[in-house]
Amino acid sequence: MNTPAPAPAPKYTPREIETQWQTKWFEKNVFLAEPGGDRPKYYVLEMLPYPSGQLHMGHVRNYTLGDVLARYKRARGFNVMHPMGWDAFGLPAENAAMKRKTHPKAWTLNNIAEMKKVMQQFGWSYDWSKEVTSCLPSYYGPQQALFLDMYEKGLVYRGEALVNWDPVDQTVLANEQVVDGKGWRSGAPVERRKLPQWFMKITQYADQLLADLDTLPGWPARVKTMQENWLGKSRGLEFSFKVTGGYEAPLTVFTTRPDTIYGATFCAVAPEHPLAQAAAARNPAAAAFIAAASALGTAQEIIDKAEKQGFLTPFKAVHPLTGGELPIYIANFVLMTYGTGALMAVPAHDERDYEFAKKYSLPIVEVVAGGTDVQEAPYAEAGVAINSPLIDGLATDAAKDTIIAAAEAQGWGRGVTNWRLRDWGISRQRYWGCPIPFIHCPSCGVVPVPREALPVQLPEDVEFTGSGNPLANHPTWKHTRCPSCGGQAERETDTMDTFMDSSWYYLRYLCPTAADPLDKAKVGYWMAGKGVDQYIGGVEHAVLHLLYARFFTKALRDCGYPVGNEPFGALLTQGMVVGNSYQKADGTYLYPSQVEIKDGKAFEKATGDAVTILPVEKISKSKNNGDSPDALLARYGADTLRLFILFTAPPERDLEWSEAAIEGAWRFLNRVWSLGQRVKDLPSITGPMPNYSKEQSRVWRKIHQTIDKVTRDLENFQYNTMVAAIMELFNDLTSLDIEDPVSARVVRRGYITLLQLLNPACPHITEEIWEQLGFRVPISNMYWLQVNSTTRKIVEEMDERFGELVFYDENEAKEEEITLVVQVNGKVRAKLVVPHDIGQAEAIAQAQAAPEVATWLPNGVAKAVYVPGRLVNLVAQA
RNA sequence: GCCGGCGUGGCGGAACUGGUAGACGCGGCGGACUCAAAAUCCGCAGCCUUCACGGGCGUGUGGGUUCGAUUCCCUCCGCCGGCACCA
């Protein structure tokens, strides 16, 4: 008879384990979050995705970062809100409708279903019962109600704005739809056109938006700087020139450098300025110039980079101080939206004015002494005023004040505060967006839709021709009755900017089915304190989305909602996921997994053909640079991908795609699994610890040190070093001989600790092995290992086996000996092993006595610097 | 163009508050196991120089502050994000 071979230890099969645990979490509502209870609240929010249909690695990164935090905070005893939803309105759905004849709604909802399926396989701890979808009336209806709230508060108004107009398709183009100055579909040159639009009065909050940045210590400084620059508060002089030559109105300009007023040698106005229009009315050449300028479109970048051009008008501006007459130009770089749409130009002290003056041979008059020859290059820094009778000899700041004071005293100008920020134009001439709930009545004017008639729903039977606004083209939708007089009237056919949708979603998550837009009790509970306790998303949203959301919160606060002053108490901006792309000779792209790299050159695995390696760039579907998350999930499982994401780069930095690095994460988890299978069979002993060998105490110390290190890394979002620390602990555990009973105890307890530390990053594998070790309370219900005596007692009473857990103890983590570095003149020459509490005198004495240093100190020591616990630096006598 | 950021071995990255540069991982090399390979395990390794001990150099470039600089300041170079209708 053969004796049966012992059953081989089960293999690590992530797919099975992960589905099983995801099902358990879901069935037990583990991540359901409701107000109340003893636990303090903690709101973890990640930027919601646009449902393109493809979950990409950028999403995976964003949501994994958030999930680690959410799971850690749960373990630390918080009532954690961690929701997810869909930013579901927007241009791509309409583009897809034109291209593939699908309806935006069907396309979008289908994409959401596909993405959600993949997302649920990552084991992210979302409370899916809070899910919101911005393109459904259950979301955009409440949004319309909030819009009316803000309207009643005076924060919504009608105005005019410039748009990119495609004259062939008779439609407004987004900046990204303008390619080389032409409409992307029609190829027709775009025109800048003025259109009536809806606006939000964000400028009314400019001061608060600026001042409250100081209340956000949890935000990256660079994001706050960007917002500050975007708001662009500046103090300056607004004054008017009398105009000669047949233009009646004065020309009002704004300048931040009133001290250079004597150096003004010409004026420039925006092409849309009334003075430019007056010039155009008299001269077809001026009209042609304005038309050409308007072909630049509305994008700031294009306007800034375009060649500076001007057109001389027949009007002259009379200088208020000198009485001199300055020529007035129409200039293609002057913006109608900043200041007054007109400026005084001082070529000696402004880069752009200088360039323009050189081009049109205009005089350059130096009025600030700076040492450089202003005929050769402009001097834009501060200095001392010259050639300026009122302020000669004054420094720039004093000169500015003096001019402003003089202008106010003499009545020709006034000091004003100007902002770069302009009001938020929210009108979009598109179908796939939230309808603006207003009605245009020929006799009553613009009338809000009554609240009981909300939501104003989008019609579904629309055509996408690429011409005009599908909503306006709809045969019947817009025709309605005026709510005020009952007469024939038309609905507003503009829809809202999708930034509106993403400006309040974090509030609707808290009460996704409330009849009122916001359930005040629930919103009050979750938004108390810091609001969203931690927000995580891409830096690309540093200005617009975050500024709009901040504005919304303040506006809603003023409408009586308990949302606080700031929505996001802390912000983490994650880097992008980037990768090389690989292009074959025929121009098609290969996935990284299809490519083999040898000696820095790439070859297609299947054919052996040489492949071109293109530079690192944002992962995108068209370039195939980076396999899709679902393919990788199938191969490695969620825990491996999560570990790869966390380990490969710090959260704030760009993460470079690497198949090899995923393999590394996979191997580590397999090693963790295998060790688990051996630890399972070790006896569980909870009694007092015997005396350790040197090696055993080192590892025991390491267990405590790792708890501390991982905890600090979690608090600081240093997830990459957190993983490294866990790997180090693992390496130390495997360095002990498990056959030795004392070592086995250290390994077993260390391994249990490692599972708990790894759990936020890799929840499935740790949960599974935890159960295999015989613990009855799931690891996701455990308290963190850095606990106070109360929680420790609670934990130990949960399961008699928890006597085996290791709780962090500072004393156990302490090293008895340290390595003291001895430097001579800053160079390391010796290392000494000394007691950790060595004193300064003793340390210096031992350093000087070290045999290695003597040759570097032929003339003795001039000075000794001691850094406690670290080093002694001996400075050699010359 | 304007605003903001990043730059460390062959590669991703680590380094507390100005104090041992290169932790951890990938790749590489050597070894064990195997008929062989894969997987796995053990070991080596910044570069130059040296038989070795050792020494020199080294954090994009050039300069500065300091006993000591990847870290602070200035210059330049390269790359990336945003610029108001992509989200």
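Letters A, B, ... are given to chains in the order of the sequence lines, protein chains preceding strands, and every chain is numbered from 1.
- Taking atom CD1 of residue A/I303 and atom P of nucleotide B/A84, one finds them 9 Å apart after rounding to whole Å.
- Looking at the side chain of A/R667, the nearest of the listed nucleotides B/G55, B/U40, B/C86 is B/U40.
- Remark: C1' of B/U40 and CD of A/Q677 are 16 Å apart, rounded to the nearest angstrom.
- A glycosidic torsion no more than 90° from 0 defines the syn conformation; B/G30 lies beyond that range and is anti.
- For A/R430 against B/C85, a side-chain N or O and a base N or O form a donor-acceptor pair under 3.5 Å.
- In this model, a side-chain donor or acceptor of A/Q429 finds a partner on the base of B/C85 within 3.5 Å.
- At a threshold of 4.0 Å, the pair A/K201-A/D423 does not count as salt-bridged, since none of the basic side-chain nitrogens sits closer than that to a carboxylate oxygen.
- Out of B/G1, B/A87, B/C80, the shortest distance to the side chain of A/Q300 is found at B/G1.
- Minimum atom distance to the side chain of A/M727 is reached by B/C24, of the listed B/C24, B/C57, B/A84.
- Looking at the side chain of A/W230, the nearest of the listed nucleotides B/C83, B/C67, B/C3 is B/C83.
- Note: CZ (A/F644) to P (B/G13) measures 11 Å, nearest angstrom.
- For a distance-only test at 3.5 Å, the side chain of A/N873 qualifies as a donor-acceptor partner of the base of B/C67.
- Taking a cutoff of 4.0 Å between a charged side-chain nitrogen and a carboxylate oxygen, A/K702 and A/E728 qualify as a salt bridge.
- Taking every side-chain heavy atom of A/R653 into account, B/G7 is the closest of B/U20, B/G7, B/A87.
- Side-chain atoms of A/Y506 come within 3.5 Å of backbone atoms of A/A549 as a donor-acceptor pair (strictly under, hydrogens ignored).
- Under 4.0 Å is where a charged nitrogen must lie from a carboxylate oxygen, and between A/E815 and A/R698 no such pair does.
- For B/C24, its base never sits under 3.5 Å from the side chain of A/E728 at any donor and acceptor pair.
- Considering only side-chain atoms of A/N731, the nucleotide from B/U20, B/A84, B/G25 that sits closest is B/G25.
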Working for side chain to side chain contact (heavy atoms under 4.5 Å, CB included), residues A/S503 and A/W424: CA-CA 13 Å; A/S503 289; A/W424 178 12; 3.7 Å; yes
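- Comparing B/G1, B/G81, B/C16 by their closest approach to the side chain of A/M226 singles out B/G81.
- Base pairing of B/C83: its partner is B/G1, meeting the Watson-Crick or G-U wobble criterion (both donor-acceptor distances under 3.5 Å).
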